[in-house]
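Below: the structure, in structure tokens.
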Amino acid sequence: MRRDRPHLVSGVHKVGRPTKEAMPQSMHPMIEARREQMFPVLEPEELDRLARFGERKSYAAGERLVTTGEIAPGAFVFLSGRADVTQRGREGHSELIVTHGPGSFGGELAQLSDRPSLVDAIATEPVEAIVIPPHRLRDLMVEEAELGERIMRALILRRVGLLDIGAGGPIIVGRADNRDVLRLEGFLTRNGHPHQRFDPLTDPCAHTLIERFRINARDLPIVLCPDGRLLRNPGDVELARCIGLVKAIDPDKIYDVVIVGAGPAGLAASVYAGSEGLSVLTLDCRAFGGQAGASARIENYLGFPTGITGLALMARAYNQALKFGVEIAIPDEVGGLQSGAAEAGRFSLMLASHERVRARAVVIASGARYRRLDVENLASFEGSCVHYWASPLEGRLCAGQEVALVGAGNSAGQAVVYLSSRVAKVWLIVRGPSLDASMSRYLVERIAARPNVEILTETTITALEGHDGILEAIRCLSVRSGEETKRPIRHLFLFIGADPNTDWLAHSGVTLDDKGFVLTDMDPRRALETNLPGVFAIGDVRSGSVKRVAAAVGEGAQVVAALHAFLAEAGDKPAPRVNTGRS
Ligand SMILES: Cc1cc2nc3c(=O)[nH]c(=O)nc-3n(C[C@H](O)[C@H](O)[C@H](O)COP(=O)(O)OP(=O)(O)OC[C@H]3O[C@@H](n4cnc5c(N)ncnc54)[C@H](O)[C@@H]3O)c2cc1C
């Protein structure tokens, strides 16, 4: 029940019932629209319950609570006083995002995962607050289910808000259609990290930065990180390290399980293993979500009758894994797997960063990678004009143009449906005689209803033409008539299947099938286990698996029971009670 009078709560702190005037104030319309959920004002008894998770601290007016680019001490629960949360604006000055007052809490997803803050927070009046460090914030989510749910929702919505207003992340200076700009933007977008792009063709701020740092046009793009560091056309890993997405891995720690791949299979295994008390490290060389993260709209995943974008579904799973204390390192590529002595952790994984990780058990969830077209100069157009994703980024890039798309499976169908609402025309190039054999009925019908999609069956691409990474035309051969046609196309999308990501297992001793997928279930008592005891495989990378999100998620859940059984048998952990239906 809400109370109106100031009162004392368990002697921990004195706080009045938050008034409308005391509620977090924001200047952004998007934030205003979702204010209630984004910035809930907690009841005194709720503040009281939160007190045990943190430490009470005082801040003087003008004192900094949080600094952009630095790891904050935790989330703040405000008992009295006020603090402004600001972002660093385009011209370098601060722009107000929200003002916190008594009863509100400050923080966003960065504080859940111990990552550098995306905003600044400064006390505008003397502040009394409970500061909850990241590991206790995760405890809170689990121990205080209802309150934890509200706080988690607020943290997620705040990140969505920051993504929406582009606050707090790095600034990329470069042309919107430059291949490295697209790569960097794609990397940040897929990892749910806010950023801004200044295009020198249209943005005076870009010129200011180029002049200030004396950058030659040839050296673009540059990236300005929140901590002030300047990177010249960085790789994904260099950028991730600069903005604090990846941290050094403790070489002495032995994880119960290391999961390779943060697609649906790897994230499901992470959530179940983390929630059941195992210490988990999940590694991915690119972004969370895997192939599913590339899906414009998943319509056949249980529980989402209106469909959901792959990125939204996977972002939820990623945050859920963080909530259960799973350590996630992205981008960190695993280059090899070695077996060793049980005391030393039994398995050792070598990373591309030259770090080593030790684990008692390993889950291979490295999925599959897109197949490339067998055309001589393909590589020179990849990243700028040849795409393997159809996300809003590519949608914007191709708006109003004619594009070509090769493929006949469901992923191709989804991309056609998505792109056709953004581009002038989609030429759908199909090797077989129709879509019926390979694409779900609902997608075939949806494509048929789009007037701006033309299907070229029994057709293959024979050549790509263009200069300096800019595609100008494609040549197509009709297998039926033998006729070759040239079409002016600037953007080509390829959805022609995938091969397993198992190169990194080359010298591991793990047995693969003749197509390179991981063989499991050699011993019927050990579901999902490979020929190496303690090494499991799930999802698309597994030989014979059903290549679907739900199947990958199911195997991610199932493998945790097998992991428990293995760790218990090896004497590493007592077996928990996992319901398998057997008595
Ligand atoms: C465009 C598209 C749309 C789709 N739409 C649907 C749909 O609507 N419904 C449906 O059910 N299915 C759909 N699918 C299929 C579905 O996405 C896959 O079956 C599912 O993603 C498989 O999950 P996974 O976790 O096994 O592997 P993946 O999703 O492939 O994830 C594997 C992860 O492992 C990482 N990895 C690989 N090698 C390494 C390494 N050496 N070190 C570290 N990390 C590594 C990768 O970066 C990747 O993130 C679609 C696929 C695509 C491409």
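When a residue number appears, it is its place in the shown sequence, counting from 1. The analysis underlying the following values was restricted to heavy atoms, covering all of them including side chains, and did not include hydrogens, waters or symmetry mates.
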Checking side chain to side chain contact (heavy atoms under 4.5 Å, CB included) for the pair Leu278/Leu567: CA distance, chi angles, key distance, verdict? CA-CA 10 Å; Leu278 298 180; Leu567 293 172; 3.9 Å; yes
Look at the side chain of Arg34 and the backbone N and O of Leu157, then say whether any donor-acceptor pair between them is shorter than 3.5 Å. no
If we check side chain to side chain contact (heavy atoms under 4.5 Å, CB included) with Ser366, which of these qualifies: Ile259, Leu283, Asn501, Val334? Asn501
Examine distances only and state if a side-chain atom of Thr282 and a backbone atom of Ala262 form a donor-acceptor pair shorter than 3.5 Å. no
Separation between CG (Leu155) and CZ (Phe105), nearest 0.5 Å, reads 5.5 Å
Nearest-0.5 Å distance that lies between atom CG in Asp180 and atom CZ in Phe187: 14.0 Å
Whether Asp48 side chain and Pro44 backbone form a donor-acceptor pair below 3.5 Å: no
Minimum side-chain heavy-atom gap Arg396-Pro392 below 4.5 Å: yes
Interatomic distance, Leu281 atom CG to Ile254 atom CD1 [nearest 0.5 angstrom]: 13.5 Å
If every non-hydrogen atom of Leu239 is compared with every non-hydrogen atom of Cys225, which pair is closest and at what distance? CD1-SG, 4.5 Å
Would you say the side-chain atoms of Arg346 pair up with the backbone N or O of Arg360, donor to acceptor, closer than 3.5 Å? yes
Side-chain donor/acceptor of Asp199 to backbone N/O of Ala176, under 3.5 Å: yes
Side-chain heavy-atom pair Leu230, Ile215 within 4.5 angstrom cut-off: yes
Look at the side chain of Arg82 and the backbone N and O of Ala123, then say whether any donor-acceptor pair between them is shorter than 3.5 Å. no
Would you mind checking if Glu149 and Arg153 are paired as a salt bridge, meaning a charged N to carboxylate O distance below 4.0 Å? yes
Give the table of side-chain donor-acceptor pairs shorter than 3.5 Å for residues 301-324, with sequence neighbours excluded, one pair per line with atom names and distance.
from	atom 1	to	atom 2	distance (Å)
Thr309	OG1	Ala312	N	3.1
Asn319	ND2	Ala315	O	3.1

Could you tell me the separation between the CG atom of Leu231 and the CD1 atom of Ile172, rounded to the nearest 0.5 Å? 10.5 Å
Quick one: are Arg241 and Ser353 in side-chain contact, heavy atoms under 4.5 Å? yes
Any heavy-atom pair between the side chains of Glu327 and Val280 that's under 4.5 Å? no
CA sep, side-chain torsions, deciding dist, call: Val258, Val363, side chain to side chain contact (heavy atoms under 4.5 Å, CB included): CA-CA 6 Å; Val258 169; Val363 173; over 6 Å; no
Pairs meeting criterion salt bridge (Lys or Arg N to Asp or Glu O under 4.0 Å) with involvement of residues 103-117, two or more places apart: Glu108-Arg159
Does the ring centre of His100 sit less than 6.0 Å away from the ring centre of Phe39? yes
Take atom OH in Tyr272; do more than 12 heavy atoms of anything else shown fall under 6.0 Å from it? no
Presence of salt bridge, Arg52 and Glu143, under 4.0 angstrom: yes
Check: Thr124/Asp84 side-chain N/O donor and acceptor closer than 3.5 Å: no
Does the distance from a Lys or Arg side-chain N to an Asp or Glu carboxylate O, for Arg548 and Glu555, drop under 4.0 Å? no
A side-chain contact here means heavy atoms from C-beta on lying under 4.5 Å apart; do Ser80 and Glu128 qualify? yes
List the steps, then state whether side chain to side chain contact (heavy atoms under 4.5 Å, CB included) holds for Glu55 with Ile130. CA-CA 5 Å; Glu55 203 183 315; Ile130 301 164; over 6 Å; no
To check you understand the geometry: which heavy-atom pair defines the closest contact between Ala154 and Pro40, and what is its length? CB-CD, 4.0 Å
Is the backbone N or O of Ser391 less than 3.5 Å from a side-chain atom of Glu394, with the two atoms forming a donor-acceptor pair by type? yes
Ignoring hydrogens and angles, state whether a donor on the side chain of Ser348 or Arg356 is under 3.5 Å from an acceptor on the partner side chain. yes
Are Glu46 and Arg150 close enough for a salt bridge, meaning some N to O gap below 4.0 Å? yes
Looking only at non-hydrogen atoms, find the nearest pair between Ala110 and Pro116 and report the distance. CB-O, 3.6 Å
Side-chain donor or acceptor of Arg190 paired with backbone N/O of Gly290 under 3.5 Å: yes
Does a side-chain heavy-atom distance below 4.5 Å link Ile298 with Val549? yes
When rounded to the nearest 0.5 angstrom, what is the spacing between CG in Asp572 and CG in Leu563? 11.0 Å
Starting at CD1 of Ile151, measure out to CZ of Arg158 and round the result to the nearest 0.5 Å. 9.0 Å
Looking at every non-hydrogen atom in both residues, tell me the closest pair between Ile538 and Ala269 and how far apart they are. CD1-CB, 3.9 Å
Nearest non-hydrogen partners of Ala557 and Ala268, listed with the distance: N-CB, 4.4 Å
Would you say that Asp203 contacts Val173 through its side chain, given a criterion of any heavy-atom pair below 4.5 Å between the two side chains? no
For Asn191 and His193, indicate whether the former's side chain and the latter's backbone hold a donor-acceptor pair under 3.5 Å. no
N/O donor-acceptor pairs under 3.5 Å from side chains in residues 61-72, not counting sequence neighbours:
from	atom 1	to	atom 2	distance (Å)
Glu63	OE1	Ala60	N	2.8
Arg64	NH1	Asp120	OD1	3.0
Thr68	OG1	Val119	O	3.3
Thr68	OG1	Asp120	N	3.4
Thr68	OG1	Asp120	OD1	3.2
Thr68	OG1	Asp120	OD2	3.2

Residue pair Thr208 / Phe198, side-chain heavy-atom distance below 4.5 Å: no
In short, Ala273 meets Val560 closest at the heavy-atom pair N-CG2, 3.7 Å
So, the side chain of Glu355 versus the backbone of Ile249: is there a donor-acceptor pair under 3.5 Å, distance only? yes
Between Val271 and Val326, does a side chain to side chain contact (heavy atoms under 4.5 Å, CB included) hold up when you go through it step by step? CA-CA 8 Å; Val271 167; Val326 173; over 6 Å; no
